[in-house]
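Proteins come first, then strands; the chains are lettered A, B, ... in the order of their sequence lines, and each starts at number 1.
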Amino acid sequence: MCGRYSLFTPREELEERFDATFETSPEPRYNCAPGQRLPVVTNDDPGAFRSLKWGLVPPWADDRKVGSNLINARAETVREKPSFREAFERRRCLVPADGFYEWVQTEGGKQPYRVAFEDDRPFAMAGLWERWKPPQTQTGLGDFAGGGAADAEAETLETFTVVTAEPNELVSDLHGRMSVILAPDEEETWLHGDGDDAAALLDTYPDDEMRAYPVSTRVNSPANDDSSVVEPVER
DNA sequence: CCAGACGTTGTT
DNA sequence: GTCTGG
DNA sequence: CCAGACGTTGTT
DNA sequence: GTCTGG
């Protein structure tokens, strides 16, 4: 999975780590959720953190709501699926994070866990991105050269999805899928390599330096975007 | 040929 | 139950 | 991922 | 746009 993550690493550290710059200082994020605009590094502009909406909308979709389903793409099939094939070949991105959340069903309800590196260092999840324009609405005969083009421009939507694979041993205790984490020396190839080389990176990241711990159910609501949701709680 | 889907997760 | 919004 | 809505008519 | 199902 990966349906929620954190990104509270300070701006300077992120800029140095990814060799990219923010246009404006990002707020520390403890509860990044689908549907939100979040910083990613795209292959066509790797020197910048760009704000894209989480939930990939394929270019041929007739409704932007399609994106709410496509927050993840399976590594095993991403090169074949019509929704992802083109993006995989031409539009890959890095999705910076410093932890992600998993929910485990228990007797008393769902218990959220945070998974992160032991030192909370940031990492890149493998992502794909797209650019979508609303279908041309039927403009009347008198509406050429009007506001239509400007509207479409304004409504152009850039979106991304996170690639998932089998979980490592640590995460497999919590969940059956895990987002693909790229090693730093793999990021260049993910962004700019050919399809075969990029596909070879879609494996499971080892859990040696990772940890998982229960957190408050406050994380359930994306509105609770504060540091309390990364604090360990007793089970 | 046209119509309709195109996806993931988890759960049953 | 299912869909939308965050 | 979870939370929260899920509808219409008419009136202000 | 492209693929699958009828």
Original post:
Picking from B:dT11, B:dT8, B:dT9, which would you name as closest to the side chain of A:Gln105?
Top reply: B:dT11
Original post:
Would you say the side-chain atoms of A:Asn31 and A:Arg4 include a donor-acceptor pair closer than 3.5 Å?
Top reply: yes
Original post:
Any side-chain heavy atom of A:Phe88 sitting closer than 4.5 Å to one from A:Glu80?
Top reply: no
**OP:** Under 4.0 Å between any heavy atoms, over every strand shown, what does A:Phe84 touch: base, sugar-phosphate, or nothing? Just pick one.
**Re:** sugar-phosphate
Original post:
Which ones in residues 22-34 of chain A lie close to DNA chain C, meaning a heavy atom under 4.0 Å from one of its atoms?
Top reply: A:Ala33, A:Pro34
**OP:** Respond yes when some side-chain nitrogen or oxygen of A:Arg74 is under 4.0 Å from OP1 or OP2 of B:dT8, and no when none is.
**Re:** no
**OP:** Between B:dC6, E:dC3, B:dT8, spot the one nearest the side chain of A:Ser83, thanks.
**Re:** B:dC6
Original post:
Less than 4.0 Å between a side-chain N and a carboxylate O, is that true for A:Glu118 and A:Arg211?
Top reply: no
**OP:** Looking only at side-chain atoms of A:Lys81, point me to the closest of B:dT8, C:dT4, B:dT9.
**Re:** B:dT8
Subject >> Stacked pair A:Trp60-B:dC6, distance under 5.5 Å, angle under 30° >> reply: yes
Original post:
Which part of the nucleic acid, if any, lies within contact of A:Thr161, taking any heavy atom under 4.0 Å across all strands shown: a base, the sugar-phosphate backbone alone, or nothing?
Top reply: nothing
Original post:
Any donor and acceptor pair, going by atom type alone, linking the side chain of A:Arg85 with main-chain N or O of A:Val78 inside 3.5 Å?
Top reply: no
